[in-house]
A.B. asks: 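My structure is below; once you've seen it, I'll send some questions.
Order of appearance sets the numbers: ligands from 1, and atoms from 1 within every ligand. The figures here come from the full heavy-atom set of this structure, side chains too, leaving out hydrogens, waters and symmetry mates.
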Amino acid sequence: MTELDLAPPGPGEALVRLHASGVCHSDLNAIDGTAETRCPAVLGHEGAGVVEAVGEGVALAPGARVVLSWLPSCGHCEECLRDLTHLCTTAWLEMASGGLLDGRPRLSRAGEPVYHYSFLSTFAERTIVPAACCIPIPDGVPFEIAALAGCAVATGTGAVWRTAGVAPSDRVAVIGCGGVGMSALLGALAVGAHPVVAVDVSQDKLAAAEALGATHAVAWEGTPEATAARVLEVTGGGVDYAIEATGRPEAALAAFLSTRARGAAVLIGIFAAGATIPLPAMTIPRMERRILGSVYGSSRPERDIPALLALYRAGRLPLDRLVSRRLPLEAVEEAFALMRGGDALRVVLDLEVAA
Ligand SMILES: [Zn+2]
Ligand SMILES: [Zn+2]
């Protein structure tokens, strides 16, 4: 652990004492270099905690329990005006800068800048975030559940509900059953999709998916073609929506090949820069097959995260079952090792343990 200097919250910002932080594949992508990230940076973008102080013009009260959304929106760019706030040009641009919304970091070490990751930097005891990232947590929802709703759950359920618009009795497959994929699976089950097929290389994850309600478990068969053939077999001809949550081109191809006529592969996973997916082109017009991209579940965090947490509280979305391990902040490297191992659903850093 390293001590960093944190500037006080400026106008429109909040200082948050973190209580829980989920470990997401995107953090691993930043470490491995799959996604270019400005360094040195404090990673972590799936957190929840308590507001300790706020800057000018912020309505939040100190003491408020909040979940952090990693995508604030500006409200005035072309995408925001088209109601596509999750594609906000301003937010994506500043996110890449490693600063907050004005492009400047609030973190430093010995006077040298340290950059933010996705505005949040939650692998820490405290963080400064744009107040627009803070979403109040309903009473009765634990910090670790709220934290997961801030990335994995919003991303996975949103891909199913918002991007794809899955309807009752639609056939769904989920390829890649980590935190995001399992959230997509829960989202598909919650709206009455049937059958719902889980696909993964890990037998542990397939068993977990079946325990959550997946109707079929298909182990990765070594190639996209062979795996898709199994999905076609168990679903009687393919799915309406194949959700891809790994960021691997071969998994995306398997998703595409798993669809039936008018079906869509929904791509959530983050691909390496320059990755391409070779598709059997003729089936696109002939079968009206489609590819849909989905980022942050096409969601509007301030509307959708409270709704997700209300569903959890009502017992309709068992988000607690996504947490496979709790570790203290000091054990973040162990959390990444578990993720690389491929059997963990979601590892949560319990920052109350660390304190
Ligand atoms: Zn994430
Ligand atoms: Zn915008």
A.B. asks: Do the side chains of Glu112 and Arg109 get close enough for a salt bridge, i.e. N-O under 4.0 angstrom?
C.D. replies: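 No, no charged N to carboxylate O under 4.0 Å.
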A.B. asks: Quick one: sort the Tyr296 and Trp70 rings into parallel, tilted or perpendicular, breaks at 30° and 60°.
C.D. replies: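 The rings of Tyr296 and Trp70 lie parallel, inter-plane angle below 30°.
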A.B. asks: Relative to the Zn ion (ligand 2), how many protein N, O or S atoms have a separation of less than 2.8 Å?
C.D. replies: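 For the Zn ion (ligand 2), protein nitrogen, oxygen or sulfur atoms under 2.8 Å: 4.
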A.B. asks: Testing the 3.5 Å rule here: is there a donor-acceptor pair between the side chains of Thr283 and Arg289?
C.D. replies: yes
A.B. asks: Kindly compute the distance separating CG (Leu329) from CZ (Phe123), expressed to the nearest 0.5 Å.
C.D. replies: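 If I round to the nearest 0.5 Å, the distance is 8.5 Å.
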A.B. asks: Go through the side-chain N and O atoms of Ser73 and Thr85 and say whether any donor and acceptor fall under 3.5 Å apart.
C.D. replies: no
A.B. asks: May I ask you to say whether Arg346 pairs ionically with Glu144, meaning some side-chain N is under 4.0 Å from a carboxylate O?
C.D. replies: no
A.B. asks: Side chains of Thr246 and Glu244: any donor to acceptor distance under 3.5 Å?
C.D. replies: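 Yes.
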A.B. asks: Suppose the cut-off is 2.8 Å; which protein N/O/S atoms would you list for the Zn ion (ligand 1)?
C.D. replies: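 Within the sphere that stays under 2.8 Å of the Zn ion (ligand 1), the protein atoms of type N, O or S are Cys24 SG, His45 NE2, Cys151 SG.
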A.B. asks: With a cut-off of under 6.0 Å to the ring centre and 45° to the axis, is Arg65 in cation-pi contact with Phe143?
C.D. replies: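 Judged by the rule (NZ or CZ under 6.0 Å from the ring centre, within 45° of its axis), Arg65 counts as positioned above Phe143.
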A.B. asks: Calculate, to the nearest 0.5 Å, the distance between atoms OG1 and CD1 belonging to Thr163 and Ile268 respectively.
C.D. replies: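 CD1 of Ile268 is found 7.5 Å from OG1 of Thr163.
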